[in-house]
Amino acid sequence: MALAAGAAATASLSASPSILLVSSATPAPYSRLFPTISKRAKPPPARARARFSRSAAAAASAPVAAAIAEKGDSWRDLCSLNAWVVRDYRRLVDAVGALEQRLRGLTDERLRAKTDEFRARLARGETLADVQAEAFAVVREAARRTLGMRHFDVQIIGGAVLHDGCIAEMKTGEGKTLVSTLAAYLNALTGEGVHVVTVNDYLAQRDAEWMGRVHRFLGLSVGLIQAGMKSDERRANYRCDITYTNNSELGFDYLRDNLSRNKEQLVMRWPTPFHFAILDEVDSVLIDEGRNPLFVMNALKAKEFYRRDVQYIVRDGKALIINELTGRVEPKRRWSDGIHQAVEAKEGLKIQADSVIVAQITYQSLFKLYPKLSGMTGTAKTEEKEFLKMFKMPVIEVPTNLPNIRVDLPIQAFATLRGKWQYVRAEVEAMFHMGRPVLVGTTSVESSEYLSDLLKARNIPHNVLNARPKYAAREAEIVAQAGRKHAITISTNMAGRGTDIILGGNPKMLAKEIIEDNVLPFLSHEPPDVETVGESTSHKGLSKIKLGPSSLGLLAKAAIIAKYVQKSERNECPFQKAKSTIADSVEMSHTIGMEKLQDRLAEESETYPLCDTIGLAYLTVLRDCEIHCSAEGAEVKALGGLHVIGTSLHESRRIDNQLRGRAGRQGDPGSTRFMVSLQDEMFRKFNLDTEWAVRLISRITNDEDIAIESNAVVKQLLGLQINAEKYYFNIRKSLVEFDEVLEVQRKHVYNLRQVILSGDSESCSEQIFQYMQAVVDDVILGNVDPQKPPNTWKLANLLNEFVNLGGSLLNESFKEIQEEDLLLSLEEFHGCGTVNVDNFTLPNMPVSPNSFRGIRKRTSSMMRWLAICVDDATKKGRYTYIVNMLRKYFGDFLIATYLYAVQESRYDDAYIRGIEREILLKTLDSLWKDHLVNMNKLSSAVNVRSFGHRNPLEEYKIDGCRFFISMLSATRRLTVESLLHYWSSPMESEEIFNTGDK
């Protein structure tokens with residue numbers, strides 16, 4: 001897959017004479033911005049209060065601004081193409097709604113039977129459009145019954161957008177996961193398979209289990225692809241109607257399939273593995289993962305631009321890349337061109353060799369293989385042009401179910417990092433004393449841990465979520481509780497994406513955590529591995545969940561049974577197995593329900609099965625957690641909701657908007673604030689001159705740590721951000737354009753592999769015959785000129801090259817033939833009249849073995865002769881006919897000799913075809929691997945040619961085409977030589993062949 005890495009670029013920011021300094025001498029009352037602040041809360045220091053003066057004025061005029069904005073929005077909607085598209089989808093919404101009451105009256109069995117009915121209608125010639133409204137209504141009803149979740153009307157619109165092959169932009173918390181069930185179910189009715197692609201294993205598993213209940217209820221099979229799965233498991237899961245996976249596993253499965261040596265190793269649905277895909281967080285997959293800049297001076301770059309705990313972390317003696325956009329560790333990736341080795345040398349680690357490229361594809365090229373592709377995300381509009389240009393995917397903004405009332409406060413700029421972090425710490429502390437939950441977005445492990453140390457010094461409890469294993473393993477749990485009262489969460493910008501922050505806390509996560517805390521110590525005595533399961537989530541400062549007597553009783557019963565089970569086991573139950581047991585019990589409880597679990601336990605009162613007891617305890621605790629979270633959520637809403645703080649502008653507005661989108665979900669209150677230092681990583685990376693700002697501030701005040709709120713400064717900062725977006729867009733555009741050259745070649749090679757793997761024995765043999773004819777053509781056309789007479793041709797060289805092809809198989813037949821003999825034969829042939837091409841041979845030349853017996857082989861010979869006759873790619877001349885007859889004679893002779901050697905070996909057909917297929921694939925894969933290495937080197941080399949005023953892309957296309965033609969020619973020749981050598985001495989070759997495999 002394409003590797004992403006940071007790059008240095010240049011940009012400039014001119015000094016602005018219009019700068020507003022927020023003076024600490026005239027602070028605005030804190031309560032004007034946050035009127036619900038507790039009077040008992042400790043007021044922030046004067047410097048911290050100063051930053052709210054402009055914000056308070058803005059808040060005071062908010063009603064007027066809202067009224068103006070509302071009118072402006074209505075006119076904007078009227079003229080917006082997006083609004084017209086959404087309005088058109090309303091007709092589908094009405095059609096779905098009209099069916100709701102009728103479907104609600106059906107039994108589960110009759111509702112499930114709708115799937116067979118839809119498939120029967122499609123088999124009779126109806127289209128997906130004909131059944132779309134009713135299918136969506138069926139999914140809505142199934143989700144209500146299985147999940148207790150009914151699709152909102154705007155979610156019906158989102159499902160239609162996905163079905164139409166577009167990108168649905170839906171704000172955070174609007175239920176994108178549930179939306180995917182509509183399009184996935186509808187397109188799975190064709191039986192060709194649907195892929196729902198997420199950004200990591202956790203989300204794929206969660207969605208397969210959670211949303212899979214809807215599909216399984218309706219009779220569809222649901223598959224899940226996870227890291228570490230065996231081929232048999234993968235094959236079974238890809239055969240399901242709907243398969244959940246992540247982009248990395250999908251890409252590597254495709255590449256591995258195209259390295260398989262036999263069709264039994266294939267795991268995807270060949271010959272058509274791709275039908276329809278829904279990309280969750282489509283911008284992350286196609287844009288954030290879609291840049292691969294090249295890097296001059298590796299040791300210097302490793303020292304200056306690749307910083308520990310920013311671009312990478314060191315774990316278990318290895319330098320592991322941190323994805324700067326997601327904050328997650330990517331252990332399978334390595335930087336290319338010696339960068340990774342330079343980083344390892346800098347850190348004193350064991351230097352590992354570069355991986356050998358055996359196959360590669362970019363995510364852009366991978367997902368272009370789908371005939372129909374859709375995606376969903378909360379932030380795609382800023383990259384709408386890119387999606388439309390590169391993927392032909394329009395972005396449709398789906399309206400929110402409830403109005404968005406989040407307040408985005410003005411950006412604050414600081415001259416120094418010290419000043420920014422002081423203000424961030426002060427704002428977090430003030431919010432903590434209020435009771436408002438805070439999510440702080442950082443851009444690196446380093447900065448998240450720096451802020452954590454500042455908060456620890458002030459005794460402010462908090463959770464950290466970054467790429468370190470002890471935090472990342474509990475990513476979903478940490479983010480799920482980030483909306484609780486007094487909760488402070490420091491997170492890398494994109495971590496926790498896909499998990500909603502619910503005000504008051506996520507009751508399901510809380511209930512599961514309570515079960516684990518009470519049952520795990522009795523079920524397993526093995527200490528948890530922090531590297532695997534992470535550190536426990538901190539609940540310090542948060543209110544305690546009050547459990548009722550029923551919950552406490554069931555927890556005690558579950559603990560006693562767990563202790564009994566643990567003692568009865570001969571071997572100690574591993575911690576991970578115990579944790580999985582609890583997870584399975586929780587999942588089962590959602591499916592079965594409380595009443596059925598109570599009935600089952602009543603029937604088995606003497607045994608009390610562990611899973612049923614844990615499941616019932618979970619559902620009972622969940623009820624208490626829901627009551628607690630609901631009450632706490634109301635308190636948090638009254639305080640103003642979640643407050644999000646961004647500690648740096650990102651290189652893309654889209655990433656900043658994703659952070660903002662964590663607040664204000666589903667009509668909840670919330671606010672956001674970005675604080676930016678001119679010494680931030682982004683400005684350093686883009687070589688931004690910030691001395692002008694420092695000098696200007698020093699003329700006005702001695703305090704360099706003061707906040708700057710100025711439209712002029714903010715506009716210039718945002719202008720720089722747009723420049724960064726354009727820079728990275730050009731990188732992605734260049735990557736796609738370069739990869740399009742390779743994509744044509746890759747399709748040719750992979751299609752050829754599938755013909756070899758999946759074709760019958762005749763198609764495999766025909767491929768070999770074509771190779772042999774092509775190799776003979778190369779030998780002949782390289783030594784003759786149809787515009788000159790035969791006596792000027794290099795006939796001796798022609799004979800030597802031809803005999804060398806077959807080695808001992810051809811030596812005996814041509815050992816007496818000299819250049820003069822072939823020339824005399826051609827002259828005699830030139831004087832002949834009609835020629836019988838069916839059993840053609842040149843006069844006085846060796847006669848080929850009579851191996852063209854049977855209609856298929858004779859037809860094959862005739863088809864090759866016709867191909868020679870209509871070949872327009874070769875040079876024409878007066879002696880073209882003689883050249884063609886030479887091609888015919890030597891091609892037939894080589895093929896006939898090969899067939900004779902195979903027949904004489906006395907092996908059965910199955911063995912022969914196996915050897916042929918193996919040699920074909922081995923040769924193709926070996927030379928394709930070398931070709932990829934050469935193409936990667938070429939992509940680096942052609943950039944230098946721009947200094948000679950030559951277009952690097954055009955140079956890459958020309959040389960890449962030449963490389964590919966050379967690779968195909970070498971593949972044919974090596975395959976032919978290997979086959980002829982093998983059958984010249986099968987026993988000896990078999991031994992060499994098997995040794996090579998080992």
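The only option from T362, I287, L286 that meets the side chain to side chain contact (heavy atoms under 4.5 Å, CB included) definition with R732 turns out to be I287. N246 pairs in a side chain to side chain donor-acceptor pair (under 3.5 Å) with only one of the listed residues (D201, T198, N200), which is D201.
For the pair V395 and C166, the minimum side-chain heavy-atom distance is 4.5 Å or more. With a 4.5 Å cut-off on side-chain heavy atoms, I488 and P437 do not count as touching. In this structure, the side chains of V424 and L451 come closer than 4.5 Å at one or more pairs of heavy atoms. Under the 4.5 Å side-chain criterion, counting only non-hydrogen atoms from C-beta, E174 is in contact with N401. Side-chain contact between M376 and L279: absent, with no pair of heavy atoms (C-beta onward) separated by less than 4.5 Å. The closest side-chain heavy-atom distance from L649 to I411 is below 4.5 Å. Two residues are said to be in side-chain contact when any heavy atoms from C-beta on lie closer than 4.5 Å; I645 and L439 fail this criterion. Residues R665 and K171 form no side-chain contact, since every pair of their non-hydrogen atoms from C-beta on lies 4.5 Å or further apart.
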Worked check of side-chain hydrogen bond (donor to acceptor under 3.5 Å, both in side chains) between Q721 and E725
CA-CA 6 Å; Q721 193 176 38; E725 288 177 355; 5.6 Å; no
Residues T379, N657; criterion side-chain hydrogen bond (donor to acceptor under 3.5 Å, both in side chains); working and verdict
CA-CA 7 Å; T379 48; N657 289 338; over 6 Å; no
Taking it one step at a time, do Y244 and V222 satisfy side-chain contact (heavy atoms from CB on, under 4.5 Å)?
CA-CA 8 Å; Y244 287 83; V222 178; 3.9 Å; yes
Output, in order, the C-alpha distance, side-chain angles, deciding distance and verdict of side-chain contact (heavy atoms from CB on, under 4.5 Å) for V282 and F387.
CA-CA 10 Å; V282 61; F387 282 122; 4.3 Å; yes
Checking side-chain contact (heavy atoms from CB on, under 4.5 Å) for the pair F276/I278: CA distance, chi angles, key distance, verdict?
CA-CA 7 Å; F276 173 60; I278 300 172; 3.6 Å; yes
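Between the CG atom of L189 and the CD atom of E192 there is a distance of 11.0 Å, given to the nearest 0.5 Å. Taking CG from D668 and OG1 from T172, the interatomic distance works out to 12.0 Å, rounded to the nearest 0.5 Å. Rounded to the nearest 0.5 Å, atoms CD1 (I405) and OG1 (T400) are 11.0 Å apart. Annotation: the span from K368 atom NZ to L373 atom CG amounts to 11.0 Å, rounded to 0.5 Å. Atoms CG and CG, on L182 and L162 in that order, are 8.5 Å from each other to the nearest 0.5 Å. From T146, atom OG1 reaches atom CZ of R216 across 10.0 Å, with rounding to the nearest 0.5 Å.
The backbone N or O of V438 sits nowhere less than 3.5 Å from a side-chain atom of H462 that would complete a donor-acceptor pair. The backbone N or O of E397 lies less than 3.5 Å from a partner atom in the side chain of N82, making a donor-acceptor pair. Counting only distance, with no hydrogens or angles, the side chain of N730 and the backbone of K726 share a donor-acceptor pair below 3.5 Å. Listed for the D241 side chain is no donor-acceptor partner under 3.5 Å among the backbone atoms of G193. S734 contributes no side-chain N or O that, together with a main-chain N or O of I731, makes up a donor-acceptor pair within less than 3.5 Å. With N466 contributing its side chain and S444 its backbone, the two residues share no donor-acceptor pair below 3.5 Å. Formation of a donor-acceptor pair under 3.5 Å by the R269 side chain with backbone atoms of Y238 is found in this model. A donor-acceptor pair under 3.5 Å is absent between the side-chain atoms of S648 and the main chain of V676, judged by distance alone. A donor-acceptor pair is defined here as one N or O able to donate and one able to accept, closer than 3.5 Å; no such pair exists between the side chain of T377 and the backbone of A380.
E386 has no carboxylate O lying under 4.0 Å from a charged side-chain N of K389, or vice versa, which leaves the two without a salt bridge. A salt bridge between E743 and R746 is present, with a side-chain N of the basic residue lying under 4.0 Å from a carboxylate O of the acidic one. Ionic pairing of D408 and R673 is not present here: no N-O contact between side-chain nitrogen and carboxylate oxygen is shorter than 4.0 angstrom.
Taking the salt bridge (charged side-chain N to carboxylate O under 4.0 Å, His left out) definition, one finds that R234 meets it with E249, D253, sequence neighbours left out. Residues that satisfy the salt bridge (charged side-chain N to carboxylate O under 4.0 Å, His left out) test with E233, not counting sequence neighbours, are absent from this structure. Listed by chain and residue number, R654 satisfy the side chain to side chain donor-acceptor pair (under 3.5 Å) test with E383 (two or more places apart in sequence, or in another chain). Judged as a salt bridge (charged side-chain N to carboxylate O under 4.0 Å, His left out), and not counting sequence neighbours, the contacts of E587 are R213.
Under a cutoff of 6.0 Å and an axis angle of 45°, R206 and W210 do not form a cation-pi pair.
Ring geometry for Y370 against F367 counts as parallel: the plane angle stays under 30°, on a 0 to 90° scale with 60° as the upper cut. Ring geometry for Y254 versus F274: interplanar angle of 30 to 60°, hence tilted.
In the model, H643 has a side-chain atom that pairs as donor or acceptor with a side-chain atom of S671 under 3.5 Å. T243 and N237 share no donor-acceptor pair across their side chains, judged by distance under 3.5 Å alone.
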Atom pairs and distances, donor-acceptor, side-chain atoms in residues 504-512, under 3.5 Å, two or more places apart:
unit_1	atom_1	unit_2	atom_2	d
N506	OD1	K508	N	3.1
N506	OD1	M509	N	3.3

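Legend: side-chain hydrogen bond (donor to acceptor under 3.5 Å, both in side chains) pairs involving residues 151-168, not counting sequence neighbours, sorted by first then second residue: Y89-D164, R140-D153, H151-T181, H163-N187, H163-K372.
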